[in-house]
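Notes follow the structure.
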Amino acid sequence: MMRALIFAAGAAAGFVAGTRAGRETYDKMRGRSNELWRNPAVQEKVIPAVQDKVTEAAGVVKEKAPHLQETVGGLAEKVTHRGGSGQHSAGSGSATSESTPATDEPTRPPASPGDQPRPPE
């Protein structure tokens with residue numbers, strides 16, 4: 001337990017000391033990283049690497065697009081056969097899902113024993 005308290009006190013002291021000098025150090029590190037990033041030698045290495053990754057990603061997309069088109073087309077066809085409402089029509093759908101017919105009346109919670117029936121709103 002004592003070790004944990006000593007560690008916490010050291011961490012707190014380090015945090016306080018670090019935040020006072022931290023902003024200046026952060027600004028220096030940020031300036032140096034920006035200088036490094038804008039260095040033409042770095043850009044000569046980065047740009048071709050990024051272009052290679054973009055070309056690779058485009059190839060994957062071209063490869064997957066026909067399958068995706070078939071999948072989306074099949075799903076759209078299923079929705080169209082359901083009437084477009086997303087509800088199952090009679091005779092289609094799984095045995096585990098049931099739908100209730102849509103009505104214009106708002107749904108109400110079931111009445112508790114002893115409650116008087118409410119008139120329609």
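Numbering starts at 1 and runs along the sequence shown. Bear in mind that the values here come from a model prediction, so they are computed numbers and not experimental data.
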request  = Tell me whether V46 is reachable from V54 by hopping between hydrophobic residues (I, L, V, M, F, W, Y) whose side-chain heavy atoms are closer than 4.5 Å.
outcome  = yes
query = Do R32 and L36 touch side chain to side chain, with heavy atoms closer than 4.5 Å?
reply = no
query = In Å and rounded to the nearest 0.5 Å, what is the CG to OG1 distance from L75 to T80?
reply = 10.5 Å
task = State plainly whether one hydrophobic cluster holds both W37 and M29, where clusters connect Ile, Leu, Val, Met, Phe, Trp and Tyr through side-chain heavy atoms under 4.5 angstrom apart.
result = no
